[in-house]
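To start, the structure itself, in structure tokens.
Note that ligands are numbered from 1 as they come in the structure, with each ligand's atoms numbered from 1 the same way.
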Amino acid sequence: MVKICCIGAGYVGGPTMAVIALKCPSVEVVVVDISVPRINAWNSDHLPIYEPGLDEVVQQCRGRNLFFSTNVEKHVSEADIIFVSVNTPTKTRGLGAGKAADLTYWESAARMIADVAKSDKIVVEKSTVPVKTAEAIEKILTHNSKGINYQILSNPEFLAEGTAIQDLLNPDRVLIGGRETPDGQKAIKALKDVYAQWVPEERIITTNLWSAELSKLAANAFLAQRISSATGADVSEVSYAIGKDSRIGPKFLNASVGFGGSCFQKDILNLVYICDEVACYWKQVIKVNDYQKSRFVNRVVSSMFNTVSGKKIAIFGFAFKKDTGDTRETPAIDVCKGLLGDKASLSIYDPQVTEDQIQRDLSMGKFDWDHPIHLQPVSPTSIKQVSVVWDPYQAARDAHGLCILTEWDEFKRLDYEKIYESMRKPAFVFDGRNVVDAEKLRELGFIVYSIGKPLDPWLKDMPALA
Ligand code: NAI
């Protein structure tokens with residue numbers, strides 16, 4: 001029986017391994033992590049991450065050929081194939097701070113593998129890493145090898161949070177990079193055999209190590225660029241027209257208040273760091289994304305008579321996108337901080353994000369979230385201008401304005417007449433994700449701003465702030 005161990009039970013490691021276990025009943029899969037609460041949650045009825053379809057897959061396999069454990073060293077030493085899916089945040093200090101990837105977690109995982117391994121191993125780079133990381137890891141392992149043969153593969157993950165299970169069950173492609181030596185090719189084949197249990201052969205692409213690493217960074221940079229470059233005109237019309245071109249495709253061309261999540265910004269900053277010559281262009285992509293968020297805040301403040309001080313503003317959605325509870329780098333953080341800076345009082349509703357998480361996100365500095373060591377616990381005097389509620393109607397009651405910051409489907413189905421009645425007048429809706437039907441809301445009496453759409457006639461006369 002092939003034994004797989006995955007180091008890192010996060011947004012990538014958990015779902016990916018669950019799907020491998022589902023599709024390969026003859027493979028034993030153990031997911032290990034140093035975080036005891038995370039592993040306890042994976043072994044409970046309340047999984048640590050929300051992802052549609054994940055509960056069902058875990059229920060089918062857990063205890064059969066899928067296990068979650070904190071006994072990292074035991075399972076690493078017993079495995080034939082070790083996936084490394086630890087976090088690779090942007091460095092917050094030292095050389096390359098704010099740009100380069102922090103490989104501390106990766107390096108310590110690699111050294112631990114070298115310490116405990118007693119038999120040959122295939123080590124699979126699942127985390128998104130700078131180009132040539134595999135080579136560095138290979139050096140760490142072979143210099144400490146005690147005669148063990150290590151083969152390093154790069155197998156970057158292309159899943160998107162919110163659709164992870166679908167993406168894993170039916171991937172556009174699986175990319176496996178490895179050495180061009182006979183041993184390297186043998187390792188590629190071993191991993192290919194795992195995916196081939198459910199992925200058609202023509203979708204499994206094999207390359208050398210560098211190509212696989214670079215493909216992932218470049219793909220994320222292109223996807224992020226598409227989101228942040230959305231400008232005026234009616235963006236859904238434009239994206240439909242452009243998306244008809246099969247070389248471009250319709251996905252990912254929707255306008256929004258800015259991209260978020262743990263990957264896009266981090267991976268672009270990483271590219272910026274490793275290829276300075278074209279860095280200017282990619283830096284602009286990050287800048288445009290930041291601009292989208294501050295422009296949204298400016299729009300809210302200027303529309304509401306240039307002041308939100310003391311006004312209640314309802315925030316619908318805090319996760320970085322729908323169908324996930326993940327808030328890492330969510331645009332909601334910057335928008336909320338911007339509004340709080342102008343002394344608004346916020347009432348936040350998100351179906352999957354807890355109050356504790358929101359308070360922590362709003363009191364943290366940029367990038368701190370992925371460096372658990374620097375994390376401060378939420379202080380008992382958490383931000384007073386913020387209340388978090390579990391009911392959208394309660395969030396909107398007595399509010400002057402309502403900002404939609406995540407595209408949860410349920411926001412389309414709310415009773416906006418009831419919401420309008422309960423709000424202060426004039427009642428504003430700022431739709432950062434193009435979720436609601438602006439015309440219908442205007443008929444109810446709302447003044448509506450939808451991102452990437454023509455301005456509400458009412459708003460045209462308002463002076464925009466800088
Ligand atoms: P995450 O932060 O959710 O999970 C990483 C886990 O690794 C944490 O639970 C942490 O406790 C654990 N860990 C760190 N060092 C460890 C060690 N030495 N031993 C055992 N466990 C250790 O991160 P996430 O989102 O799963 O990302 C992992 C990698 O995958 C990153 O490189 C990311 O860029 C990449 N990625 C993320 C995607 C996403 O949508 N979140 C999509 C594609 C790739």
Side-chain angles (χ1 to χ4, degrees), residues 5-18 30-42 47-51 54 68-76 79 82-90 101-116 123-130 133-134 137 140 154-165 167-168 171-172 174-175 212-213 215-217 219-221 223-224 259-271 319-321 323-330 367-373 375:
C5 175
C6 174
I7 307 176
Y11 285 85
V12 168
T16 311
M17 293 304 123
V30 185
V31 192
V32 295
D33 203 295
I34 38 178
S35 162
V36 176
R38 221 167 197 183
I39 290 297
N40 287 346
W42 278 110
L47 302 184
I49 63 177
Y50 173 71
E51 202 54 72
L54 177 63
F68 296 92
S69 169
T70 48
N71 199 340
V72 181
E73 300 186 354
K74 172 178 185 287
H75 294 289
V76 165
I82 302 165
F83 284 84
V84 185
S85 182
V86 300
N87 32 336
T88 50
T90 308
D102 184 344
L103 294 176
T104 316
Y105 304 99
W106 234 106
E107 183 174 337
S108 85
R111 289 187 185 278
M112 184 267 299
I113 295 172
D115 280 349
V116 303
V123 177
V124 185
E125 191 177 70
K126 198 60 163 157
S127 307
T128 309
V129 287
T133 300
I137 300 303
I140 294 177
S154 165
N155 173 220
E157 186 47 62
F158 292 98
L159 67 78
E161 285 176 38
T163 53
I165 298 298
D167 295 343
L168 289 163
D172 288 339
V174 168
L175 187 55
E213 288 176 329
S215 302
K216 172 66 190 176
L217 292 181
N220 265 5
L223 293 176
F259 58 74
S262 64
C263 299
F264 284 166
Q265 169 160 308
K266 164 173 84 70
D267 296 344
I268 292 182
L269 287 172
N270 202 343
L271 261 190
F320 88 94
K321 65 173 181 177
D323 292 337
T324 177
D326 194 354
T327 61
R328 297 176 293 181
E329 295 292 332
T330 174
F367 298 126
D368 281 352
W369 52 267
D370 215 3
H371 294 265
I373 304 139
L375 271 191

At a 4.0 Å threshold, what atoms of ligand 1 neighbour a non-hydrogen atom of Ser108? 18 (N)
The atoms of ligand 1 lying under 4.0 Å from a heavy atom of Glu161, numbered in the order shown, are 39 (C), 40 (O), 41 (N)
Identify, by atom number and element, the atoms of ligand 1 in contact range of Ile7, meaning under 4.0 Å from any of its heavy atoms. 19 (N), 20 (C), 21 (N)
Glu73: what forms a salt bridge (charged side-chain N to carboxylate O under 4.0 Å, His left out) with it, not counting sequence neighbours? none
Using a 4.0 Å cut-off to any heavy atom of Ser127, which atoms of ligand 1 qualify? 29 (C), 30 (O), 32 (O)
Can you find a side-chain donor-acceptor pair between Trp106 and Thr133 that sits under 3.5 Å? no
Test your reading of the structure: does Thr128 have an N or O sitting under 3.5 Å from an N or O of ligand 1? yes
In the structure I gave you, are the side-chain heavy atoms of Val129 and Lys216 within less than 4.5 Å of one another anywhere? no
Under 4.0 Å between a side-chain nitrogen and a carboxylate oxygen: does that hold for Arg328 and Glu161? yes
Using a 4.0 Å cutoff against the non-hydrogen atoms of Arg328, which atoms of ligand 1 qualify? 1 (P), 2 (O), 3 (O), 23 (O), 25 (O), 41 (N)
As an exercise, identify every atom of ligand 1 less than 4.0 angstrom from a heavy atom of Lys216. 43 (C)
When you check the side-chain N and O atoms of Asp102 and Thr104, is any donor under 3.5 Å from an acceptor? yes
For the residue pair Thr128 and Pro156, establish whether any side-chain heavy-atom pair is separated by less than 4.5 Å. no
Could you state the interatomic distance from OG (Ser108) to CD1 (Ile7), rounded to the nearest 0.5 Å? 8.5 Å
Could an N or O of ligand 1 be found under 3.5 Å from any N or O of Tyr11, whether backbone or side chain? yes
Taking the side chain as every heavy atom from C-beta outward, state whether Phe158 and Leu175 have any atom pair closer than 4.5 Å. yes
Proximal ligand 1 atoms for Leu159, defined as those under 4.0 Å from one of its heavy atoms: 42 (C)
Can you list the atoms of ligand 1 that are under 4.0 Å from a heavy atom of Thr88? 31 (C), 32 (O), 34 (O)
Does an N or O from Val12, backbone or side chain, lie closer than 3.5 Å to an N or O of ligand 1? yes
